[in-house]
Amino acid sequence: VTDVLPSETTARTVLERLPDPVLIVRGEPGAAAGIAWGNAAARDLFRLSLPDAPLEAALRQPKVLEAVDAALADGGVHEVAFETIGVQPRFWHAAVRPLAEGEVFVVLRDETDARRTERMRADFMANASHELRTPLASLSGFVETLRTHAKDDPEARERFLGIMDEQAGRMRRLIDDLLSLSRIEMNEHVRPADEVDLAGVVQDVTGASAPILAARGLAFDVEGPGSLLVAGDYDQLVQVVQNLIDNAVKYSPDGGRIRVVVANVTAEGARAPRRSDTVSLSLLSPDGDLQDRYGAVWVSDEGPGVARQHLPRLSERFYRVEGQRMAGTGLGLAIVKHVVNRHRGGLVVESAEGAGTTFCAYFPATP
Ligand SMILES: Nc1ncnc2c1ncn2[C@@H]1O[C@H](COP(=O)(O)OP(=O)(O)O)[C@@H](O)[C@H]1O
Ligand SMILES: [Mg+2]
């Protein structure tokens with residue numbers, strides 16, 4: 001490859017069309033440098049029009065100006081990171097390299113997205129650690145109590161062991177959900193290849209949940225065809241339906257009904273609001289080309305509902321509506337969203353305070 005250098009015109013075109021802003025700067029060390037040339041991305045970013053515009057007018061970044069000055073003085077490579085403020089703060093990396101006597105070039109790289117991803121990862125780690133530390137602190141506290149005050153009190157001991165068991169269970173659920181989430185994320189770019197009967201998944205999950213419903217005096221209302229084939233992964237589809245039903249059970253008043261509907265619809269059909277007294281919001285839309293038909297499952301409850309301002313955040317990791325913290329991990333809907341995304345499907349929530357909640361997950365149907 002090395003001995004087939006591109007022609008000068010090709011090289012110029014590549015430079016001109018490079019997505020990263022590139023500037024050629026001329027000047028004497030210590031004196032104001034001027035921009036001799038900028039590629040399309042640079043002209044766009046700095047709204048450059050005049051040739052030989054002073055660098056400091058285009059780029060009010062003392063760190064970059066210093067790096068340019070240093071490169072002009074010592075002919076070396078200088079790199080700096082800086083931030084621009086605006087409607088959206090952006091993070092940049094600038095590499096200044098020598099070109100000729102009194103001439104350097106600057107390549108800028110927008111690192112905002114990488115920074116954001118890094119930030120999200122750090123936030124996630126902090127949240128996960130915090131969520132694990134709470135039950136752990138409680139466990140340690142009770143171990144201490146059992147060793148000291150409750151040593152000779154069999155009744156208290158029994159009660160504390162019960163609480164410890166609960167806290168250990170909470171830690172186990174958190175770890176299971178965290179592992180589940182990372183496993184789903186790991187192969188999120190690979191579409192599942194199997195053909196799965198969504199109606200069968202619903203029957204399996206509702207059947208398995210029946211005893212829990214009976215214990216709370218709740219009833220299922222299941223409606224749909226005998227079978228509905230979608231392109232999917234059976235275990236992950238079970239996870240979706242199970243999480244939606246778990247939430248419906250958790251937030252249902254005793255004696256309430258949980259309605260589960262399965263149907264073959266278009267994407268618009270899946271997103272269409274079903275009631276006029278609730279807010280409907282699409283939490284995830286199929287990315288890429290829309291399919292003609294989708295297998296959709298709706299899970300509705302008669303619970304307290306969710307106020308409009310919380311709806312967009314429900315599928316964020318660890319997001320729980322304040323005052324509604326019912327022993328969950330806050331990861332269920334994040335898992336649902338990632339599974340649906342892997343399937344190139346969609347997720348819709350419809351709710352209002354006091355009006356119950358409906359979630360709809362839809363997956364590409366197989367022809
Ligand atoms: N059916 C529902 N009714 C009311 N609120 C719900 C319902 N489903 C989810 N939510 C709200 O969304 C939050 C996130 O749900 P989820 O991710 O499943 O976490 P978890 O169930 O562990 O709390 C819940 O904490 C709750 O505030
Ligand atoms: Mg849940």
Side-chain angles (χ1 to χ4, degrees), residues 1-122 185-191 284-291 341-342 344:
V1 206
T2 47
D3 52 3
V4 224
L5 275 171
S7 72
E8 200 175 312
T9 344
T10 310
R12 275 170 171 277
T13 311
V14 169
L15 197 56
E16 166 69 7
R17 297 186 187 168
L18 217 57
D20 293 332
V22 179
L23 294 171
I24 294 177
V25 177
R26 269 189 215 129
E28 303 287 322
I35 299 174
W37 180 83
N39 68 353
R43 294 196 302 274
D44 196 40
L45 180 65
F46 300 118
R47 298 194 175 79
L48 296 178
S49 46
L50 299 172
D52 286 316
L55 180 62
E56 59 192 348
L59 193 60
R60 276 176 223 92
Q61 294 291 334
K63 280 202 253 175
V64 182
L65 301 177
E66 275 165 26
V68 167
D69 236 16
L72 284 169
D74 66 10
V77 175
H78 295 265
E79 309 205 349
V80 286
F82 64 97
E83 253 177 83
T84 50
I85 40 177
V87 186
Q88 283 241 346
R90 304 205 74 86
F91 297 95
W92 296 91
H93 173 267
V96 187
R97 281 155 193 270
L99 195 58
E101 185 65 33
E103 205 168 48
V104 298
F105 70 103
V106 185
V107 182
L108 296 171
R109 197 167 59 222
D110 187 345
E111 295 192 323
T112 313
D113 288 347
R115 278 287 199 99
R116 194 169 295 146
T117 313
E118 215 174 279
R119 177 69 187 271
M120 276 171 62
R121 201 183 310 270
E185 277 194 310
M186 215 119 63
N187 67 358
E188 200 163 334
H189 55 287
V190 189
R191 279 183 83 155
L284 179 70
S285 296
D287 83 19
D289 289 339
L290 272 190
Q291 288 236 157
N341 191 38
R342 179 182 176 218
R344 311 292 190 264

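When reading the values below, keep in mind they use all heavy atoms of this one structure, side chains included, and skip hydrogens, waters and symmetry mates.
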Heavy-atom pair with the smallest gap, counting every atom of [X] and [Y]:
{"X": "L65", "Y": "E56", "result": "CD1-CB, 3.7 Å"}
{"X": "R60", "Y": "A57", "result": "NH2-O, 3.5 Å"}
{"X": "P89", "Y": "T112", "result": "O-CG2, 3.9 Å"}
{"X": "V77", "Y": "P98", "result": "CG2-CD, 4.3 Å"}
{"X": "A67", "Y": "V96", "result": "CB-CG2, 3.9 Å"}
{"X": "G76", "Y": "A71", "result": "O-CB, 3.7 Å"}

Mind checking the [atom1]-[atom2] spacing from [X] to [Y]? Nearest 0.5 Å is all I need.
{"X": "I24", "Y": "F105", "atom1": "CD1", "atom2": "CZ", "answer": "8.5 Å"}
{"X": "D113", "Y": "R90", "atom1": "CG", "atom2": "CZ", "answer": "6.5 Å"}
{"X": "F82", "Y": "F91", "atom1": "CZ", "atom2": "CZ", "answer": "12.0 Å"}
{"X": "W92", "Y": "L45", "atom1": "CH2", "atom2": "CG", "answer": "4.5 Å"}
{"X": "L284", "Y": "R344", "atom1": "CG", "atom2": "CZ", "answer": "10.5 Å"}
{"X": "R26", "Y": "L55", "atom1": "CZ", "atom2": "CG", "answer": "13.5 Å"}

Note to self: The test is side-chain contact (heavy atoms from CB on, under 4.5 Å); show your working for V25 and V106 and say whether it passes.
What the structure shows: CA-CA 7 Å; V25 177; V106 185; 4.1 Å; yes
Does this structure show an ion pair linking [X] with [Y], if we count only N-O contacts that are shorter than 4.0 Å?
{"X": "R342", "Y": "E188", "value": "no"}
{"X": "R43", "Y": "E16", "value": "yes"}
{"X": "E79", "Y": "R97", "value": "yes"}

Next item on the list: Apply side chain to side chain donor-acceptor pair (under 3.5 Å) to the pair S7 and T10, showing each step before the final yes or no.
Entry: CA-CA 5 Å; S7 72; T10 310; 2.8 Å; yes
Note to self: For T117, run the side-chain contact (heavy atoms from CB on, under 4.5 Å) check against M120, R115, R121, R119 and tell me which one passes.
What the structure shows: R121
Does any N or O in the side chain of [X] come within less than 3.5 Å of the main-chain N or O of [Y], such that one atom is a donor and the other an acceptor?
{"X": "E28", "Y": "A73", "answer": "no"}
{"X": "N39", "Y": "A42", "answer": "yes"}
{"X": "D69", "Y": "P29", "answer": "no"}

